[in-house]
Amino acid sequence: MNTKFPSASLAAALLVVASACVGNVSGEYERTGSDSSVPMSDADAGFPRDDGGDSSLPPPPPGDAGTDSGGAVPDTGPPPPPPEPCDGVRCGSGAECNAATGVCECADGFITSGTGCDPIPPGDPQGRTATEVCDAWAAGHVENARPAWTRGATACDPGTLDPDAYGDTTRRINLFRWLNGLPAVTHDAARDDAMQECAIMMDQQGALSHAPPGTWACYTAAGAGAAGSSNLALGTSSPGAAIDLYMGDARVASLGHRRWVINPSLGRVGIGFAGRGQCLGVFDMSAGSTRQWTAFPNAGPTPVWNTGFVWSFHANSVNSSGVTVSMEKLGAAPEVIPVTSTYIDGGYGRPGTVHWNPPRAAAGETYRITIGGLSVADVTYEVEVVSCP
């Protein structure tokens, strides 16, 4: 079979064509035109050259603001955030806006006067912190006497109290007084003998009376006289524990024991304790307190223990049955607490008292109390319930 080959001139021409077709194996193409020395990428090769611009940059994709030739409306951005609760709220002097509720509240260092916020007076219980109150509770609600009382030689012998028992008792009294911003009381030892005779009478008779008759067990005139000027308790294990009983005053319509313990004028106390009976001499007006009112639970931070009893407010200005009580639970969702109040006339420490019995409070809650119908301006205070170890 004969095989034919192209001529030399034809072979040379074919070689030139083949070289042009193979090109650069690196994926680049040589440019043609005025500058064939600058390489052009594969991406560049997909766009025609615009004599009016740089052909090395791709045009922006369609739809960008200001470039969409299709007439699309540009995006104006996300909507503005909703207004904050305090936007536009202006609070008065001594107040600040609560960022959660948008309501003006008294700032730290101020207390509500009912119509505004006033600076907290020095020593006022509403100026204290929960830590200060719990530290005071831990220090004041303790007993060191073990045992508190030593029995005498006979059944009617009043016996003797441990010196620490007097300290336990006055310390407990002064704890509740401090919570109300009142001055401390002192122990009047000159009254103790009569108080001991009072206490042994209550213990041996197994009953309480402010006017015990001569037929009572272990009766003495001195003991009977002490009973007429004392808070009386039966069934406690120590004279200090009796102070808790007086402050709770459960099932005592007059709240007389509580009113004597936190009477601003009380300056000195006599102390007697025997067996299960306690006599606390409270007829004294020697203190120079200028405190205008007291309350239980106290204003400001108060241990949750104090809230488990009837609530009360005591002041000289509580002098008629027209006194009213308004109670509001504060917080993110304020709530009005309906209460029924009862007026009690004078005769026990402070002349007048109003009391009410709200639902049980819990630690972490704060309540605003407003007492109206007084002979002076309304009184408003807040009770912050705290958990003390």
Peer 1: Is a side-chain N or O of Asp135 found less than 3.5 angstrom from the main chain of Glu132, in a donor-acceptor match?
Peer 2: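 Answer holds: no.
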Peer 1: Given the rule in the side chain to side chain contact (heavy atoms under 4.5 Å, CB included) test, do Arg258 and Phe309 qualify, once you have shown the distances and angles that lead to the verdict?
Peer 2: CA-CA 11 Å; Arg258 178 190 299 179; Phe309 308 93; 3.9 Å; yes
Peer 1: Taking atom CD of Glu143 and atom CG of Asp162, what is their separation to the nearest 0.5 Å?
Peer 2: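 Answer for the CD-CG pair, Glu143 versus Asp162, is 11.5 Å.
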Peer 1: Mind checking the NE2-CG spacing from His210 to Asn231? Nearest 0.5 Å is all I need.
Peer 2: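 So the gap between those two atoms works out to 7.0 Å.
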Peer 1: For Arg291 versus Asn180, what's the shortest heavy-atom pair and its separation?
Peer 2: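 For Arg291 and Asn180, the tightest heavy-atom pair comes out as NE-O, 3.5 Å.
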Peer 1: Dump the intermediate steps for side chain to side chain contact (heavy atoms under 4.5 Å, CB included) on His257 and Val252, then the final yes or no.
Peer 2: CA-CA 8 Å; His257 307 95; Val252 178; 4.0 Å; yes
Peer 1: State whether a side-chain donor-acceptor pair under 3.5 Å links Arg259 with Thr353.
Peer 2: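 Looking only at side-chain atoms, Thr353 and Arg259 do form a donor-acceptor pair, the distance falling under 3.5 Å.
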Peer 1: Applying side chain to side chain contact (heavy atoms under 4.5 Å, CB included) between Phe273 and each of Ser237, Cys279, Pro158, Pro239, report the one that passes.
Peer 2: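 Only match with Phe273 under side chain to side chain contact (heavy atoms under 4.5 Å, CB included): Pro239.
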Peer 1: I'd like to know if Cys97 pairs up with Cys91 as a disulfide, counting it only when the SG to SG distance is below 2.5 Å.
Peer 2: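 Between Cys91 and Cys97 there is no disulfide, given that their SG atoms are not under 2.5 Å apart.
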Peer 1: Quick one: pull up CG in Asp203 and CD in Gln278 and give me the separation to the nearest 0.5 Å.
Peer 2: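 These two atoms lie 12.5 Å from each other.
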Peer 1: Side chain of Glu328, backbone of Glu335: donor and acceptor closer than 3.5 Å?
Peer 2: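 The answer is no, because no donor-acceptor pair under 3.5 Å joins these two groups.
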Peer 1: Measure the spacing between CG of Leu208 and CE of Met202 and express it to the nearest 0.5 Å.
Peer 2: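 One gets 6.5 Å once the value is rounded to the nearest 0.5 Å.
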Peer 1: Got a sec: does the OH of Tyr348 have more than 12 other heavy atoms crowding it under 6.0 Å?
Peer 2: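 No, the 6.0 Å shell around OH holds no more than 12 heavy atoms from other groups.
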Peer 1: Does Trp149 have Arg276 sitting over its ring (NZ/CZ under 6.0 Å from centre, angle to axis within 45°)?
Peer 2: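 Arg276 over Trp149 ring: no.
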Peer 1: Ring centres under 6.0 Å, that's the criterion: do Phe313 and Trp293 meet it?
Peer 2: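 Aromatic pair counts; centres sit under 6.0 Å.
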Peer 1: Does a donor on one side chain sit under 3.5 Å from an acceptor on the other, for Ser317 and Ser375?
Peer 2: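 Short answer, no.
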Peer 1: Using the ring centroid of each side chain, check whether Trp260 and Tyr246 are separated by less than 6.0 Å.
Peer 2: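 Centroid distance Trp260-Tyr246: not below 6.0 Å, so no.
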Peer 1: Using modelled atom types and a 3.5 Å cut-off, is there a donor and acceptor pairing between side-chain atoms of Asp168 and backbone atoms of Asn144?
Peer 2: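 Yes.
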Peer 1: Quick check: does any side chain N or O of Gln126 sit under 3.5 Å from a backbone N or O of Glu382, one acting as donor and the other as acceptor?
Peer 2: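 Side chain of Gln126 to backbone of Glu382, a donor-acceptor pair under 3.5 Å: yes, one is there.
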Peer 1: Test your reading of the model: is there a side-chain donor-acceptor pair from Glu96 to the backbone of Ala107, 3.5 Å cut-off?
Peer 2: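 No; judged by distance alone, with no hydrogens or angles, the pair does not exist.
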Peer 1: Please report the interatomic distance CZ(Arg146) to CG(Asp164), rounded to the nearest 0.5 Å.
Peer 2: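 That separation rounds to 10.0 Å.
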Peer 1: Nearest 0.5 Å please: distance from the CD atom of Glu197 over to the OG1 atom of Thr220.
Peer 2: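 That separation rounds to 3.5 Å.
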Peer 1: Is the closest side-chain donor-acceptor distance between Thr366 and Glu384 under 3.5 Å?
Peer 2: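 No - no donor-acceptor pair under 3.5 Å links their side chains.
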Peer 1: Look at the rings of Trp305 and Phe176 and say which category their plane angle falls in: under 30° parallel, 30 to 60° tilted, over 60° perpendicular.
Peer 2: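 Aromatic pair Trp305/Phe176 classed tilted.
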Peer 1: Check this for me: does any side-chain nitrogen of one of Arg151 and Asp157 sit under 4.0 Å from a carboxylate oxygen of the other?
Peer 2: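 Between Asp157 and Arg151 there is no salt bridge, as every charged N stays at least 4.0 Å from the carboxylate O atoms.
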Peer 1: Under a 3.5 Å threshold, yes or no: a donor from one side chain and an acceptor from the other, between Asp192 and His187?
Peer 2: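 Yes, side-chain donor-acceptor contact under 3.5 Å.
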Peer 1: Would Gln292 and Val379 satisfy side chain to side chain contact (heavy atoms under 4.5 Å, CB included), going step by step from the backbone distance to the final call?
Peer 2: CA-CA 10 Å; Gln292 297 301 303; Val379 172; over 6 Å; no
